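Quick notes on the structure that follows.
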2 protein chains.
Amino acid sequence: MKIDPKSDADLSAQIATAIRDEIIAGRLIVDARLPSEAELAEQFDVSRPTVREALKRLAAQSLIRTQRGATGGAFVNKLSFTEAYAQQITTSTLLLSMNDVSFETACEARFALERSCAELSAQRCGPDDLAAMRAEIHRQGQPNLSDEAFCASDVAFHRALVDGAENPVLSYQLAGAVEAMQPLMNMITFSARDRARIVALHMRIAGAVEARNAADISDGLTALEAETQSLARSLFKKGN
Amino acid sequence: MKIDPKSDADLSAQIATAIRDEIIAGRLIVDARLPSEAELAEQFDVSRPTVREALKRLAAQSLIRTQRGATGGAFVNKLSFTEAYAQQITTSTLLLSMNDVSFETACEARFALERSCAELSAQRCGPDDLAAMRAEIHRQGQPNLSDEAFCASDVAFHRALVDGAENPVLSYQLAGAVEAMQPLMNMITFSARDRARIVALHMRIAGAVEARNAADISDGLTALEAETQSLARSLFKKGN
DNA sequence: GCGAAATTAATGTCAGACATTTAAAGTTTC
DNA sequence: GAAACTTTAAATGTCTGACATTAATTTCGC
């Protein structure tokens, strides 16, 4: 594990990259302990603060975790779906907000992606995910539900639909895409009339899942996309 | 911008979170300059090394960039699709390798996701993306192409297909999913016979794009998925 | 007025110290 | 001998202060 003395990048960045490469290449496996900060400092011939900056970079990406105390140190972290998912949401959210992505483009991508679970969810969706969908639909029908709670329930509904595909990789990718849209969706406030139409579409989708009809799930999502887009258009036209 | 004195997390982590929240909330906008390290140290009542660790955490996520010199400092970075995409690939790749995700599961998710661009690519794919697909197909037919180059060309082919949807958000999500699979795909070495079948399917997909036939694109991808899965199965059975 | 040199303000790096945490080894007590 | 307590050691977390390096700005000389 060496760094290039000719590079003019920060030492801490170079060290972080060197360690990251070891992890990606599998030469440092999950739960392996890195040398102590003092040892790393000696190995790379830098000071301890510099090593620490490098380790913090890796910690920010959940590649390592640190533990204090006698048997402590930095350990290669087993990246969980939950952590990866949280990171992806942060990144995607910022990406959308910083690049002036139009609601239309983001919405199109979101539903296109979500439709990709239709086939598998129709085949595999179990009673628990279906029950979760029904529960969220019921919640969405409550008249005194706040806009924030309605949006959160909406996310939970789609999450259950996606999880019905019983493929964790797909869930990870789709849940990230759906949730990254949430801040944009929150800009829309729903009238009672809008909510009723959305809930109706949710019921249609849940019904299609129960009937194990992939095409109907897909069509339901397409209808929901059209509804969302037209809602957004009417709001933006009003100069909101 | 304050931190909770009761929290027992690392100071640098708390500070990083505080600044990240400011960015996400839009109170620190793109290209805004953060206070200098010395000023931040004073504001948060910590030392400069601690502030630096926090800043490195943010830099690791491409949330800030730093510049040396008189007018230097840390600036809120405009997260580009390219950066977000690189990060997503690293995360997804590690996620797959660390969680014993089976080839079957990952492959299923990858193709399910990719099919989500079929409709849009059929509608919008321009001559440049189509030409890119044709060029990769031609390259894949060269008999003296190395396995690595064949895989890279395969990725480029799918990348062009996805870009044909003309939706940057979709490209970002899908390209990440496709490329994260690459290390797993690289475990498979292709015989000449395998290559010929894959190239034939690529031609079929390219033809469907040119004919603007979304269903055919989708079917072509499904056939490619079946081919890939059976190839993987036969390899793993041989005890590889 | 223009070019070169000095200034300055920032990040990058280092050295050494102390604080805190945690597990394990050692010691005492019953 | 076992349980409870104490000590020790090794690690990360944090601080202080210094110096190095970079790059824009200002000043000075001509």
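As the structure is a prediction and not an experimental result, all values here were calculated from the model. Proteins get letters first, then strands, A, B, ... in listed order; numbering begins at 1 in each.
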Problem set entry | Interatomic spacing from CD in A:Q61 to CZ in A:R20 - rounded to 0.5 Å | 4.5 Å

Problem set entry | B:S36 side chain, from C-beta outward: closest of D:dC15, C:dC14, C:dT11 | C:dT11

Exercise. Which nucleotide, D:dG13, C:dT11, C:dA15, lies nearest any side-chain atom of B:E37?
Worked result: C:dT11

Exercise. When the distance from CG of B:D8 to P of D:dG13 is rounded to whole Å, what number comes out?
Worked result: 12 Å

Problem set entry | Distance in angstrom units between B:L11 CG and C:dA19 P, rounded | 16 Å

Exercise. Would the number of heavy atoms belonging to other residues, nucleotides or ligands and lying under 6.0 Å from CD of B:E104 be above 12?
Worked result: no

Seminar exercise, completed: Note: for A:G69 and B:P35 on DNA chain C, the residue whose nearest nucleotide lies more 5' is B:P35

Problem set entry | Atom-to-atom span, CD1 of B:I64 to P of C:dT11 - whole angstrom | 10 Å

Exercise. Between atom CZ in A:R65 and atom P in D:dA11, what is the gap in whole Å?
Worked result: 17 Å

Seminar exercise, completed: Against the side chain of B:T66, the closest entry in C:dT13, D:dA11, C:dT11 is C:dT11

Problem set entry | Closest listed nucleotide, where the reference is the side chain of A:A70 and the choices are C:dT11, C:dT13, D:dA10 | D:dA10

Exercise. Any side-chain N or O of B:R52 under 4.0 Å from OP1/OP2 of C:dT11?
Worked result: no

Exercise. Taking atom P of C:dT20 as reference, at what distance in whole Å does atom CD of A:Q67 sit?
Worked result: 20 Å

Exercise. Counting side-chain heavy atoms from CB outward, which of C:dA15, D:dT12, C:dT13 is closest to A:P49?
Worked result: C:dA15

Problem set entry | Residue A:T71, side-chain heavy atoms: nucleotide from C:dA23, D:dA24, C:dG12 that is nearest | C:dA23

Problem set entry | Among D:dC15, C:dA10, C:dC14, the one nearest B:T50 by side-chain distance | D:dC15

Exercise. Does A:R68 get its side chain close enough to the base of C:dT22, under 3.5 Å, for a donor-acceptor pair?
Worked result: no

Problem set entry | Heavy-atom donor-acceptor pair, B:D31 side chain to B:K78 backbone, under 3.5 Å | no

For this session: Provide, to the nearest angstrom, the distance between the CD atom belonging to A:E53 and the C1' atom belonging to C:dT11.
Result: 10 Å

For this session: May I ask you to decide if B:L79's main-chain N or O and A:N99's side chain share a donor-acceptor pair within less than 3.5 Å?
Result: yes

Problem set entry | Whole angstrom value for the distance that separates P of C:dA10 from CD of B:E39 | 6 Å

Exercise. Does the C:dT13 base have a donor-acceptor partner in the side chain of B:R48 within less than 3.5 Å?
Worked result: yes

Exercise. Quick one: CG on B:L170 to CG on B:L113, what's the gap to the nearest 0.5 Å?
Worked result: 9.5 Å

For this session: Take atom CZ of B:R33 and atom C1' of C:dA9, then tell me their distance rounded to the nearest Å.
Result: 9 Å

